[in-house]
2 protein chains.
Amino acid sequence: MKNTRESIISISQLDNASIDHLLKLGSKRILRKGKVLFHPKSYHHYLHIIESGVVRAYTHYKGKEVTFWLGMEGDIVFPYRTYMFGKTSYETVELLEDCLFHSFLIKDLLHLFESDLKWATWGRKLAEKELIKMEERFISYLFKTAKERYNQLIEQKPEIFNRIQLQHIASYLGMTQVSLSRIRGEY
Amino acid sequence: MKNTRESIISISQLDNASIDHLLKLGSKRILRKGKVLFHPKSYHHYLHIIESGVVRAYTHYKGKEVTFWLGMEGDIVFPYRTYMFGKTSYETVELLEDCLFHSFLIKDLLHLFESDLKWATWGRKLAEKELIKMEERFISYLFKTAKERYNQLIEQKPEIFNRIQLQHIASYLGMTQVSLSRIRGEY
DNA sequence: CTTCTTTTTTAACAATTGTTAAATTTTTCC
DNA sequence: GGAAAAATTTAACAATTGTTAAAAAAGAAG
């Protein structure tokens with residue numbers, strides 16, 4: 001459980017008045033496990049901050065689901081492709097647990113970004129932090145074996161293994177479920 | 001060959017006066033093939049826009065070089081880790097051709113980002129675009145075979161094969177040089 | 001042009017990961 | 001609790017990719 005205000009501040013410090021202003025524009029909602037938040041080939045109008053729960057983003061390749069992102073408390077579900085280029089997205093975002101979201105219209109957020117230096121800076125830092133995370137994850141895939149990637153995840157985010165099905169973790173780690181099971185069985 | 005003004009505008013439209021102001025803060029320099037632009041475990045004070053030439057960023061893992069980024073005309077060499085966290089970096093950036101850079105003090109750029117909404121927006125869009133590129137590259141690694149990654153690169157950036165050594169391309173594609181050679185030999 | 005150095009290819013073999021299918025375990029639902 | 005469905009593990013085998021070493025090709029220097 002992590003409240004929206006903390007999530008926002010953890011990206012970059014902001015005064016309370018600015019945050020209050022944003023919070024008034026958003027709304028909270030609870031959605032059930034299994035619900036699909038974003039469908040592929042559609043436009044997404046909301047950004048969601050996760051207060052509790054877990055979601056995964058996946059796409060299809062050669063008839064199989066590929067889970068490329070997992071989000072939990074404090075993470076931000078931001079459909080960058082739609083937001084930046086007005087393009088439809090290729091991903092499905094599905095809830096793996098009941099979730100509490102704090103949701104904001106991307107339109108409202110963009111308006112803040114384009115009119116208020118403080119929010120523009122916040123938006124910049126959000127993208128910069130996501131970029132660093134993605135780059136670190138990418139580099140570790142570029143030269144680590146399946147077993148090394150598994151060990152790294154166990155070390156860095158052990159709680160994932162208690163909350164998320166192994167088939168999704170396997171995909172997230174870039175291997176088949178059978179390979180993950182084999183690696184786990186070795187110990 | 002791509003001039004700095006075009007590179008800046010291609011991230012996000014900006015008025016000429018704003019760009020002129022930035023350009024006055026920077027300086028051009030020519031560096032020779034083989035020169036190292038960033039050393040690991042050091043602080044990087046400059047952002048470089050590549051007007052011509054090719055560079056690669058690499059790091060070491062298990063005694064081997066891993067090339068994780070290639071930049072050419074129009075690309076921006078931005079040491080995000082140093083810039084965001086004041087941390088030293090893990091990467092080496094090396095010139096694979098003679099290069100013409102337009103270089104700016106990160107300090108100057110940050111000052112613009114923090115004082116001018118137009119530049120803050122430009123900085124946000126820069127990070128957002130880099131994020132999308134990184135995410136697309138990452139997803140394609142998550143579920144494509146070595147051969148598919150090779151075919152994709154041939155299709156998307158064929159000029160790379162005329163300008164960059166195959167050993168570096170192999171690493172960039174997440175495979176050994178021998179594997180790349182084998183894949184190329186199959187046709 | 002010739003020699004030396006570096007890069008790339010080829011080959012044989014080893015290790016890792018994928019595929020398919022069946023067995024087992026866990027979860028869901030009545 | 002018990003049946004059905006879903007998830008996970010196990011096993012056998014196939015395909016891909018890595019490793020090492022040597023040969024061939026390409027590039028640099030005199």
Side-chain angles (χ1 to χ4, degrees), chain A residues 32-36 53-54 56 58 60-68 70 94-98 138-154 158 160-187, chain B residues 32-36 54 56 58 60-68 70 94-98 138-154 158-187:
Chain A
R32 294 295 164 202
K33 178 174 173 174
K35 166 88 180 167
V36 170
V54 183
R56 73 173 178 121
Y58 66 91
H60 286 270
Y61 186 71
K62 291 184 182 165
K64 289 180 181 165
E65 287 182 3
V66 179
T67 297
F68 61 89
L70 296 171
E94 176 199 51
L95 278 61
L96 300 179
E97 293 178 355
D98 294 350
F138 175 71
I139 291 175
S140 89
Y141 277 63
L142 210 48
F143 54 68
K144 286 188 176 163
T145 64
K147 193 186 294 185
E148 289 170 328
R149 299 197 298 271
Y150 169 76
N151 287 331
Q152 176 179 290
L153 189 62
I154 278 272
I160 278 186
F161 290 87
N162 302 323
R163 297 176 67 181
I164 298 177
Q165 286 184 12
L166 290 170
Q167 58 179 317
H168 299 140
I169 294 176
S171 179
Y172 178 78
L173 285 172
M175 67 184 82
T176 61
Q177 186 181 9
V178 176
S179 288
L180 177 59
S181 193
R182 176 163 39 202
I183 288 167
R184 287 162 59 83
E186 285 174 16
Y187 298 101
Chain B
R32 293 296 164 203
K33 177 175 176 175
K35 166 90 180 166
V36 170
V54 183
R56 74 174 178 120
Y58 67 90
H60 285 270
Y61 187 71
K62 291 182 183 167
K64 288 181 183 164
E65 287 183 1
V66 179
T67 297
F68 61 88
L70 296 170
E94 175 199 51
L95 277 61
L96 300 180
E97 293 178 355
D98 293 349
F138 176 71
I139 292 176
S140 90
Y141 277 64
L142 211 48
F143 54 69
K144 287 188 176 163
T145 64
K147 192 187 294 184
E148 289 170 329
R149 300 198 297 273
Y150 169 75
N151 287 331
Q152 177 179 291
L153 189 62
I154 276 275
E159 76 277 16
I160 278 186
F161 290 87
N162 302 322
R163 296 176 68 179
I164 298 177
Q165 286 184 12
L166 291 170
Q167 58 179 319
H168 299 140
I169 293 176
S171 178
Y172 179 79
L173 286 171
M175 66 184 83
T176 61
Q177 186 180 10
V178 176
S179 288
L180 177 59
S181 193
R182 176 163 41 204
I183 287 167
R184 286 163 59 82
E186 284 174 15
Y187 298 99

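Throughout, a chain's letter reflects where its sequence line sits, starting with A, and its residues are numbered from 1.
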Tell me: [atom1] of [X] to [atom2] of [N], nearest whole Å?
X: B/Arg182; N: C/dT7; atom1: CZ; atom2: P; result: 21 Å
X: B/Glu148; N: D/dA15; atom1: CD; atom2: P; result: 16 Å
X: A/Leu173; N: C/dG18; atom1: CG; atom2: C1'; result: 16 Å
X: B/Ile169; N: C/dT9; atom1: CD1; atom2: P; result: 10 Å
X: A/Gln177; N: C/dA23; atom1: CD; atom2: P; result: 18 Å

Taking 4.0 Å as the cut-off, does a side-chain nitrogen or oxygen of [X] come that near to OP1 or OP2 on [N]?
X: A/Lys144; N: C/dT17; value: no
X: B/Ser181; N: C/dT9; value: yes
X: B/Thr176; N: D/dT17; value: no
X: B/Lys62; N: D/dT19; value: no

Out of [options], which has the shortest distance to the side chain of [X]?
X: A/Leu166; options: C/dG18, C/dT7, D/dT9; value: D/dT9
X: A/Ala146; options: D/dA7, C/dT8, C/dT17; value: C/dT17
X: A/Ser179; options: D/dT17, D/dA7, C/dT17; value: C/dT17
X: B/Val178; options: D/dG18, C/dT19, C/dA11; value: C/dA11
X: A/Arg184; options: D/dA7, D/dT9, C/dT19; value: D/dT9

Could you tell me whether a side-chain N or O of [X] sits under 3.5 Å from a main-chain N or O of [Y], the two making a donor and an acceptor?
X: A/Arg56; Y: A/His168; answer: no
X: A/Arg149; Y: A/Ser140; answer: no
X: A/Asp98; Y: A/Arg32; answer: no

